[in-house]
Amino acid sequence: MSARMHLSPAHGTQQPTDENAENDENDEKEGNDDGDDAARLAAAVEILALLADRTRLALLRRLSAGEADVTTLTEACGASRTSVSQHLARLRLAGLVTTRKEGRRAVYALHHGHLRRLVDEALNAADHRIRHLPPHD
């Protein structure tokens with residue numbers, strides 16, 4: 001018997017559910033089926049692949065603290081302005097960050113809180129690894 005969990009408190013409880021009638025009911029409510037599951041997995045792989053780059057992760061970490069322009073982001077991640085701009089374009093194309101104009105400059109922000117929590121959890125897991133902290137739930 002397997003269980004499913006949704007890691008984000010933004011979508012309700014974090015309790016596992018049995019794969020039985022309750023799952024069928026949840027699947028109908030959420031619109032999940034085998035095709036949706038494959039699409040969800042593919043999208044998650046794409047998101048995680050984008051996070052698997054030091055510069056992009058640093059950019060997303062900085063954007064987790066709030067909106068920022070390219071100059072601020074360049075200082076925060078220690079990469080060249082050209083590199084930062086290219087990474088931001090890729091993140092924007094993937095729908096992970098948004099942009100708005102403020103005068104002549106573009107201001108970037110995370111598209112949603114799920115991404116902020118994902119970045120935070122990745123960094124928390126890294127803290128456990130490098131500091132040899134005990135595991136916990």
Side-chain angles (χ1 to χ4, degrees):
M1 179 187 286
S2 64
R4 291 191 310 180
M5 292 183 89
H6 194 289
L7 298 178
S8 173
H11 286 287
T13 66
Q14 295 180 348
Q15 300 300 316
T17 60
D18 290 337
E19 289 196 1
N20 56 20
E22 189 175 299
N23 256 352
D24 293 340
E25 187 177 296
N26 288 339
D27 287 349
E28 287 175 16
K29 288 178 188 173
E30 296 174 13
N32 290 338
D33 62 16
D34 290 340
D36 286 346
D37 193 46
R40 288 177 71 217
L41 289 171
V45 166
E46 181 183 341
I47 291 167
L48 292 171
L50 286 165
L51 290 172
D53 177 273
R54 186 201 178 284
T55 300
R56 286 192 294 269
L57 187 57
L59 290 169
L60 294 171
R61 178 183 60 185
R62 172 51 189 87
L63 289 172
S64 291
E67 295 181 329
D69 62 8
V70 174
T71 301
T72 302
L73 293 168
T74 299
E75 293 169 359
C77 72
S80 72
R81 186 178 185 88
T82 302
S83 177
V84 167
S85 292
Q86 290 171 349
H87 285 291
L88 286 169
R90 192 161 179 196
L91 292 168
R92 185 174 174 211
L93 184 63
L96 301 185
V97 298
T98 60
T99 185
R100 66 178 177 79
K101 287 288 189 181
E102 190 174 89
R104 292 180 47 207
R105 54 184 203 132
V107 178
Y108 291 85
L110 291 182
H111 184 71
H112 50 72
H114 288 293
L115 190 55
R116 182 181 37 27
R117 289 186 294 275
L118 184 59
V119 169
D120 288 345
E121 286 302 318
L123 293 171
N124 288 337
D127 286 341
H128 277 265
R129 176 178 280 183
I130 63 175
R131 295 180 182 158
H132 306 290
L133 300 173
H136 60 83
D137 287 336

S.K.: For the hydrophobic clusters of this structure (ILVMFWY residues joined by side-chain heavy atoms under 4.5 Å, transitively), does one cluster hold both L133 and L123?
M.R.: no
S.K.: Tracing side-chain links under 4.5 Å among I, L, V, M, F, W and Y, which residues wind up in one group with L41?
M.R.: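 None, because no other hydrophobic side chain comes under 4.5 Å of this residue.
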S.K.: With a 4.5 Å cut-off on side-chain heavy-atom distances among I, L, V, M, F, W and Y, is there a chain of contacts connecting L73 to V107?
M.R.: no
S.K.: Has R54 got more than 12 heavy atoms of other residues, nucleotides or ligands less than 6.0 Å from its CZ?
M.R.: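 Atom CZ in R54 is not packed in, count stays at 12 or less.
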S.K.: For S83, give me all partners under side-chain contact (heavy atoms from CB on, under 4.5 Å), at least two apart in sequence or on another chain.
M.R.: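 Partners of S83 by the side-chain contact (heavy atoms from CB on, under 4.5 Å) criterion, ordered by chain and then number, come out as T55, A79, S80, H87.
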S.K.: Salt bridge (Lys or Arg N to Asp or Glu O under 4.0 Å) with D69: which of K101, R62, R105?
M.R.: R105
S.K.: What pairs meet the salt bridge (Lys or Arg N to Asp or Glu O under 4.0 Å) rule with one or both residues in residues 127-137, with sequence neighbours excluded?
M.R.: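 Those involving residues 127-137 do not exist here.
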S.K.: Once rounded to the nearest 0.5 Å, what's the spacing between atom CG of L51 and atom CG of L59?
M.R.: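 With rounding to 0.5 Å, CG (L51) is 11.0 Å from CG (L59).
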S.K.: Supply the atom-to-atom distance L118 CG to L60 CG, rounded to the nearest 0.5 angstrom.
M.R.: 9.0 Å
S.K.: Let me confirm one number: the CG-OG1 distance from L91 to T99, rounded to the nearest 0.5 Å.
M.R.: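 The OG1 atom of T99 is 12.0 Å from CG of L91, to the nearest 0.5 Å.
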S.K.: For E67, what residues pass the salt bridge (charged side-chain N to carboxylate O under 4.0 Å, His left out) criterion, not counting sequence neighbours?
M.R.: R100
S.K.: What pairs with H128 under side-chain hydrogen bond (donor to acceptor under 3.5 Å, both in side chains), at least two apart in sequence or on another chain?
M.R.: H136
S.K.: Return the set of residues passing side-chain contact (heavy atoms from CB on, under 4.5 Å) with A94 (not counting sequence neighbours), or none when no residue passes.
M.R.: E46, L50, L96
S.K.: If I compare all heavy atoms of L110 with all of T98, which pair ends up nearest, and what's the gap?
M.R.: O-OG1, 4.3 Å
S.K.: Kindly determine whether R81 and V70 satisfy side chain to side chain contact (heavy atoms under 4.5 Å, CB included), including the steps that lead there.
M.R.: CA-CA 7 Å; R81 186 178 185 88; V70 174; 3.9 Å; yes
